Trainee: 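After the structure tokens below, expect a handful of questions from me.
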Amino acid sequence: LTPQGRQQFLARVLQSTASFVVVDSLDEIHPRDYVFVLQTLEKLVRVPTRRFAQVVVFGRPFSFVDYWHQFYSHSGLLQYH
């Protein structure tokens, strides 16, 4: 996504009134955008004035790795064996 594309995506997601959001094939976008998209979707479900929203994201495991490392590795939830 370009900087303008990121702004548009963020605005559209945060203005959405959908109660169920599905993102298919996360791994098919540019790798530098994986974390941005996941962070944006996390913001959607954490808006305090928003009704409950379910978000389902599909993609190959590698498209989630940086997000999980950035946000959850410090809690011990992410462990590799």
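Quick note: residue numbers are just sequence positions, from 1. Bear in mind that the values here come from a model prediction, so they are computed numbers and not experimental data.
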Trainee: Do Val23 and Phe58 come close enough that some side-chain heavy atom pair is under 4.5 Å?
Mentor: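 No, their side chains stay 4.5 Å or more apart.
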
Trainee: Locate the shortest heavy-atom distance separating Ala18 from Ala53; write the atom from each residue and the value.
Mentor: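 Minimum heavy-atom contact is O-CB, 4.0 Å.
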
Trainee: Would Leu44 and Thr40 count as a side chain to side chain contact (heavy atoms under 4.5 Å, CB included) if you check the C-alpha gap in whole Å, the side-chain angles of each, and the deciding distance to 0.1 Å?
Mentor: CA-CA 6 Å; Leu44 171 69; Thr40 302; over 6 Å; no

Trainee: Of all heavy-atom pairs between Phe36 and Phe9, which one has the smallest distance, and what is that distance?
Mentor: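 Result for this residue pair: CE2-CD2, 3.6 Å.
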
Trainee: Check the pair Val56, Val21 against side chain to side chain contact (heavy atoms under 4.5 Å, CB included), reporting the backbone distance first and the verdict last.
Mentor: CA-CA 6 Å; Val56 179; Val21 177; over 6 Å; no

Trainee: Within the structure provided, determine whether Phe64 and Val57 are in side-chain contact (heavy-atom separation under 4.5 Å).
Mentor: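 SC-SC contact between Phe64 and Val57 confirmed.
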
Trainee: Enumerate the salt bridge (charged side-chain N to carboxylate O under 4.0 Å, His left out) contacts for residues 24-38, please, sequence neighbours excluded, ordered by first and then second residue.
Mentor: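 Applying salt bridge (charged side-chain N to carboxylate O under 4.0 Å, His left out) to every pair that reaches into residues 24-38, excluding sequence neighbours, yields Arg6-Asp33, Asp27-Arg60.
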
Trainee: Sequence neighbours left out, what passes side chain to side chain contact (heavy atoms under 4.5 Å, CB included) with Glu42? Give chain and number order.
Mentor: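 Scan of Glu42 (side chain to side chain contact (heavy atoms under 4.5 Å, CB included), adjacent residues dropped) gives Arg46, Tyr67, Tyr72.
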
Trainee: Quick one: list whatever passes side chain to side chain contact (heavy atoms under 4.5 Å, CB included) with Ala11, sequence neighbours left out.
Mentor: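 Partners of Ala11 by the side chain to side chain contact (heavy atoms under 4.5 Å, CB included) criterion, ordered by chain and then number, come out as Gln15.
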
Trainee: Run the side chain to side chain contact (heavy atoms under 4.5 Å, CB included) check on Val13 and Lys43 step by step: do they pass?
Mentor: CA-CA 9 Å; Val13 168; Lys43 288 177 187 175; over 6 Å; no

Trainee: Nearest 0.5 Å please: distance from the CD atom of Gln8 over to the CG atom of Leu1.
Mentor: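 Taking CD in Gln8 and CG in Leu1, the distance rounds to 9.5 Å.
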
Trainee: So which pairs with a foot in residues 61-71 pass salt bridge (charged side-chain N to carboxylate O under 4.0 Å, His left out), sequence neighbours left out?
Mentor: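 Pairs touching residues 61-71 that pass the test: none.
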
Trainee: According to side chain to side chain contact (heavy atoms under 4.5 Å, CB included), who are the partners of Phe52, at least two apart in sequence or on a separate chain?
Mentor: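 Only Gln54 meet the side chain to side chain contact (heavy atoms under 4.5 Å, CB included) criterion with Phe52.
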
Trainee: If a pair satisfies salt bridge (charged side-chain N to carboxylate O under 4.0 Å, His left out) and one of its residues is in residues 9-19, list it, with sequence neighbours excluded.
Mentor: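 Listed once each, the pairs would be none.
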
Trainee: Determine whether Gln70 and Val35 satisfy the following criterion, side chain to side chain contact (heavy atoms under 4.5 Å, CB included), listing intermediate values before the conclusion.
Mentor: CA-CA 9 Å; Gln70 187 173 353; Val35 172; 3.4 Å; yes

